[in-house]
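Each remark here refers to the structure printed beneath this line.
These numbers come from the heavy atoms of this one structure, side chains and all, not from hydrogens, waters or symmetry mates. For reference, positions follow the sequence shown, starting with 1. Read the numbers this way: they start at 1 and go in the same order the structure lists the ligands and their atoms.
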Amino acid sequence: MFDGLRKKFANVIKGFVKSEEAKAEQPEPEKQAVKEPAEHAAEVRPVATKMSNEQPNDAAPEKKKEPEIMPIVKPERIPDTHSNLSHEHVEEQREQKPMAKNTDAKKEVNEPLIKLGVGTKIKRAIFSTVVLSAPEISELSEKLRISMLESDVSYEVADGFVNDLNTRLAGKKIDSKRINQAVTESIRSSLSDSLARSKADFDVFELISKKQQTGEPFVILFLGPNGTGKTTTIAKLASKLKSSGITCVLSASDTFRAAAIEQIEHHANKIGVPVIKGRYGADPASIAFDAIAYAKAHRASVVLVDSAGRQETNANLIREVEKMARVSKPDLTVYVGESTSGNAITGQIKEFRKHVRVDGVILTKLDCDAKGGNALSISHETGIPILFFGTGESYDALLSYDPSIIIDAIIPSNAS
Ligand SMILES: Nc1nc2c(ncn2[C@@H]2O[C@H](COP(=O)(O)OP(=O)(O)OP(=O)(O)O)[C@@H](O)[C@H]2O)c(=O)[nH]1
Ligand SMILES: [Mg+2]
């Protein structure tokens with residue numbers, strides 16, 4: 001589950017400190033230029049030349065003579081602007097002049113310019129706290145944003161997450177020995193915040209138990225596109241209800257697809273719950289009506305109404321599901337969608353919702369999807385909570401939705 005995001009996030013975080021150290025070990029173009037025995041104006045020129053797209057190496061000798069470069073970037077200001085150390089700590093380090101591991105590089109670089117190297121600063125601060133610089137945070141955030149977008153998280157959700165993470169990390173004093181852990185914790189908190197609203201403010205089992213007190217059956221209508229797992233999910237929920245001691249009836253209201261009736265009947269027999277069926281081509285709403293009547297007569301607590309898979313663009317089938325909703329008056333209408341459908345799922349839900357009230361989403365096939373990022377976006381984009389995750393083909397592969405499942409799957413607290 002969420003393998004894609006987990007691997008991408010882990011790579012970004014693990015590479016974070018490593019890459020900062022590498023900056024100190026392997027001088028970047030800026031640092032190579034810094035090594036030149038030149039004055040400050042020349043030493044900082046790569047920053048200026050980079051901005052003007054000039055080649056540092058070629059341009060440097062000529063540019064050294066140009067006095068106007070001087071005011072563009074003052075060397076003293078760079079450490080302040082991009083510092084990842086507190087001011088006191090910089091002063092402290094200045095006085096202590098600790099050994100740098102890359103001693104050759106250190107010999108060639110004069111003292112103020114060492115402060116330009118972010119990685120060097122981290123190394124020097126090895127026994128202290130660091131404050132990540134704006135460019136460091138932005139580099140990390142951008143990598144995470146790309147990881148999210150590549151994993152089907154919507155742009156808005158990725159953006160909100162990144163903004164929140166930036167706020168959390170900016171100015172935060174971090175134990176230099178625990179940079180990865182601190183970053184991991186901040187990412188987990190940002191994810192937690194962005195998922196907070198995705199949890200339903202109701203519990204399906206509590207709703208059922210309330211309805212039980214009225215003596216009327218609790219009706220759940222399942223709808224969604226073809227093959228997303230509606231019938232299998234009904235079977236999983238029936239199994240869950242049965243093992244919780246709640247009686248239920250299945251309504252074989254997919255009278256459209258070949259073998260659909262036999263399929264739900266097969267599940268009902270295996271689980272040991274009654275199923276009400278008609279003939280192929282019969283009105284699905286009338287089957288649901290009969291199932292509800294059966295439940296009332298036999299004091300069954302829940303009716304699970306199947307429906308044929310349909311695309312939101314198929315007007316006839318959408319009208320049919322509208323009728324099913326009108327006739328069965330479901331207590332809960334659930335949209336069953338696949339995690340593999342990426343961001344398209346939010347558009348599909350929005351279209352369905354124009355015709356039928358949708359109270360919750362069940363996201364299936366989390367076990368097959370290397371990405372699963374739409375789990376982070378669905379509620380944000382549609383305002384509809386996710387109720388369950390389908391995580392396999394067996395009857396017990398139905399998890400009640402909990403944001404912490406996603407967070408732990410994407411970025412375990414020991415990820416660093
Ligand atoms: N791996 C995995 N497979 C699933 C999951 N849920 C359903 N499936 C499989 O997906 C396939 C389609 O499942 P169905 O339950 O028939 O889907 P449906 O939405 O009822 O399909 P239609 O009635 O044709 O629209 C079956 O092979 C199921 O076993 C899941 O969470 N994980
Ligand atoms: Mg089906």
Side-chain angles (χ1 to χ4, degrees), residues 1-4 152 220-241 248-271 273 275-282 284-285 287-288 291 303-314 316-318 320-321 324 328 330 333-342 344-345 348-349 351-352 356 358 360-375 378 386-402 405-406 409:
M1 235 170 41
F2 303 108
D3 286 351
D152 292 339
I220 309 180
L221 171 61
F222 293 77
L223 49 87
N226 306 75
T228 54
K230 295 176 292 299
T231 310
T232 309
T233 303
I234 286 175
K236 290 176 184 179
L237 196 55
S239 168
K240 215 177 180 66
L241 289 167
C248 72
V249 177
L250 309 191
S251 172
S253 295
D254 179 356
T255 58
F256 180 75
R257 179 175 63 74
I261 297 173
E262 287 79 4
Q263 182 192 8
I264 196 166
E265 209 172 8
H266 166 79
H267 285 308
N269 292 340
K270 261 186 115 174
I271 299 160
V273 293
V275 58
I276 304 303
K277 60 175 184 173
R279 52 179 173 75
Y280 283 101
I287 312 286
V303 180
L304 303 175
V305 183
D306 198 6
S307 67
R310 65 202 73 217
Q311 300 306 315
E312 69 280 8
T313 46
N314 188 321
N316 284 343
L317 287 175
I318 287 292
E320 186 184 84
V321 90
M324 285 175 80
S328 63
T333 303
V334 173
Y335 182 94
V336 181
E338 292 179 340
S339 57
T340 43
S341 55
I345 194 171
Q348 291 164 357
I349 294 171
E351 279 304 311
F352 265 87
V356 191
V358 178
V361 173
I362 296 183
L363 198 58
T364 61
K365 310 192 186 181
L366 260 295
D367 54 311
C368 316
D369 186 16
K371 295 179 175 177
N374 55 7
I378 288 171
I386 299 177
L387 305 178
F388 295 98
F389 281 147
T391 57
E393 294 185 88
S394 60
Y395 292 142
D396 59 358
L398 187 70
L399 292 180
S400 291
Y401 174 78
D402 182 347
I405 296 175
I406 301 183

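Within the structure, ligand 1 lacks Ala397 among the residues with a heavy atom less than 4.0 angstrom away. Put simply, no part of Ala260 is less than 4.0 Å from ligand 1, judged by heavy atoms. Close to ligand 1: Gln263, with a non-hydrogen atom less than 4.0 angstrom away.
The shortest N/O to N/O separation between Ala308 and ligand 1 does not fall below 3.5 Å. In terms of polar-atom proximity, Thr228 is counted as a contact of ligand 1, with an N or O under 3.5 Å from an N or O of the ligand. On a distance-only criterion, Leu366 and ligand 1 share no N/O pair closer than 3.5 Å. Among the atoms of Arg257, some N or O lies under 3.5 angstrom from an N or O of ligand 1. The distance criterion of under 3.5 Å between nitrogen or oxygen atoms is not met by Asp306 with respect to ligand 1.
In terms of modelled atom types and a separation under 3.5 Å, the side chain of Lys240 and the main chain of Tyr395 share no donor-acceptor contact.
At least one N/O/S atom of Thr231, from backbone or side chain, sits under 2.8 Å from the Mg ion (ligand 2).
Looking at Asp367 against ligand 1, only its side chain comes within 4.0 Å, counting heavy atoms. Heavy atoms of Asp254 found under 4.0 angstrom from ligand 1 belong exclusively to the side chain.
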